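In what follows, a single structure is set out as structure tokens and then discussed.
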Amino acid sequence: QVQLVESGGGLVQPGGSLRLSCAASGSTLDYYSIGWFRQAPGKGREGVSCISRHDGSTYYSDSVKGRFTISRDNAKNMVYLRMNSLNSEDTAVYYCAADHWGCLDYTDGMTYWGKGTLVTVSS
């Protein structure tokens, strides 16, 4: 199995940018597809993005498409989520997650989860 630890969250002004990181350990990262999810206050979990283990294909929710970019560096066992043009609706706890399968149905959930990092977008 793989362990995941998110970092990079914090307070950012509207229109600002932030990069989240997900560090994997216990298993080589290239065995896994990696997804980013978020949960805003009072709302359910939302799938944000995913990068496939098979061919590196990327997926984005409509709400972040064009603003967020997911990437991976398997040599470093790291996955990143670059977030641009942030607004208050992006405020949430962000989680990275891993699965041995692909990203086709990643929004339904994944197997392994980090504990999350809080992103707050506010003036």
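Treat the numbers as computed from the prediction; the structure is a model and nothing was measured.
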Exercise: do [X] and [Y] side chains pair donor with acceptor under 3.5 Å:
X: Arg53; Y: Tyr32; result: no
X: Thr111; Y: Asp99; result: yes
X: Ser122; Y: Thr120; result: no

Carefully, step by step, assess Lys115 and Tyr95 under the rule side-chain contact (heavy atoms from CB on, under 4.5 Å).
CA-CA 7 Å; Lys115 296 187 182 299; Tyr95 302 87; 5.8 Å; no
Using the test side-chain contact (heavy atoms from CB on, under 4.5 Å), find all partners of Gln3 that sit at least two apart in sequence or belong to another chain.
Gln1, Ser25
Is the backbone N or O of [Y] less than 3.5 Å from a side-chain atom of [X], with the two atoms forming a donor-acceptor pair by type?
X: Ser57; Y: Ser52; answer: no
X: Ser49; Y: Tyr59; answer: yes
X: Arg38; Y: Val93; answer: no
X: Gln39; Y: Gly44; answer: no

Grab the two heavy atoms, one from [X] and one from [Y], that are nearest each other, plus how far apart they are.
X: Leu81; Y: Val48; value: CD2-CG1, 4.3 Å
X: Ser61; Y: Tyr106; value: N-OH, 4.1 Å
X: Gly56; Y: Ile51; value: O-CG1, 3.7 Å
X: Asn87; Y: Arg67; value: ND2-NH1, 3.8 Å
X: Ala24; Y: Leu29; value: CB-CD1, 3.9 Å
X: Ser33; Y: Met110; value: O-CE, 3.5 Å

[X] and [Y]: same hydrophobic cluster, using ILVMFWY side-chain contacts below 4.5 Å?
X: Phe68; Y: Ile70; result: yes
X: Val5; Y: Phe37; result: no
X: Val64; Y: Val121; result: yes

With heavy-atom distances below 4.5 Å as the criterion, would you say the side chains of Val119 and Asp90 are in contact?
no
Compare all side-chain heavy atoms of Tyr60 with those of Thr69 and state whether any distance is below 4.5 angstrom.
yes
Side-chain ion pair, Asp30 and Arg72, N-O less than 4.0 Å
no
Test Met83 against Leu20 for side-chain contact (heavy atoms from CB on, under 4.5 Å), laying out the working first.
CA-CA 8 Å; Met83 306 184 294; Leu20 305 183; 3.7 Å; yes
Selection residues 84-123 - residue pairs positive for disulfide bond (SG atoms under 2.5 Å apart), sequence neighbours left out
Cys22-Cys96, Cys50-Cys103
Spatial distance of atom [atom1] ([X]) from atom [atom2] ([Y]) [nearest 0.5 Å]:
X: Ser63; Y: Glu89; atom1: OG; atom2: CD; answer: 8.5 Å
X: Met78; Y: Ile34; atom1: CE; atom2: CD1; answer: 11.5 Å
X: Ser21; Y: Arg82; atom1: OG; atom2: CZ; answer: 10.5 Å

From the options Tyr94, Trp36, Trp113, select the one residue that forms a side chain to side chain contact (heavy atoms under 4.5 Å, CB included) with Glu6.
Trp36
Evaluate the ring planes of Tyr112 and His100, with Trp represented by its six-membered ring, and classify them as parallel (under 30°), tilted (30 to 60°) or perpendicular (over 60°).
perpendicular
Do any side-chain atoms of residues 9-19 form donor-acceptor pairs under 3.5 angstrom with protein atoms, and if so which ones, sequence neighbours left out?
{"residue": "Ser17", "atom": "OG", "partner": "Asn84", "partner atom": "OD1", "Å": "2.8"}

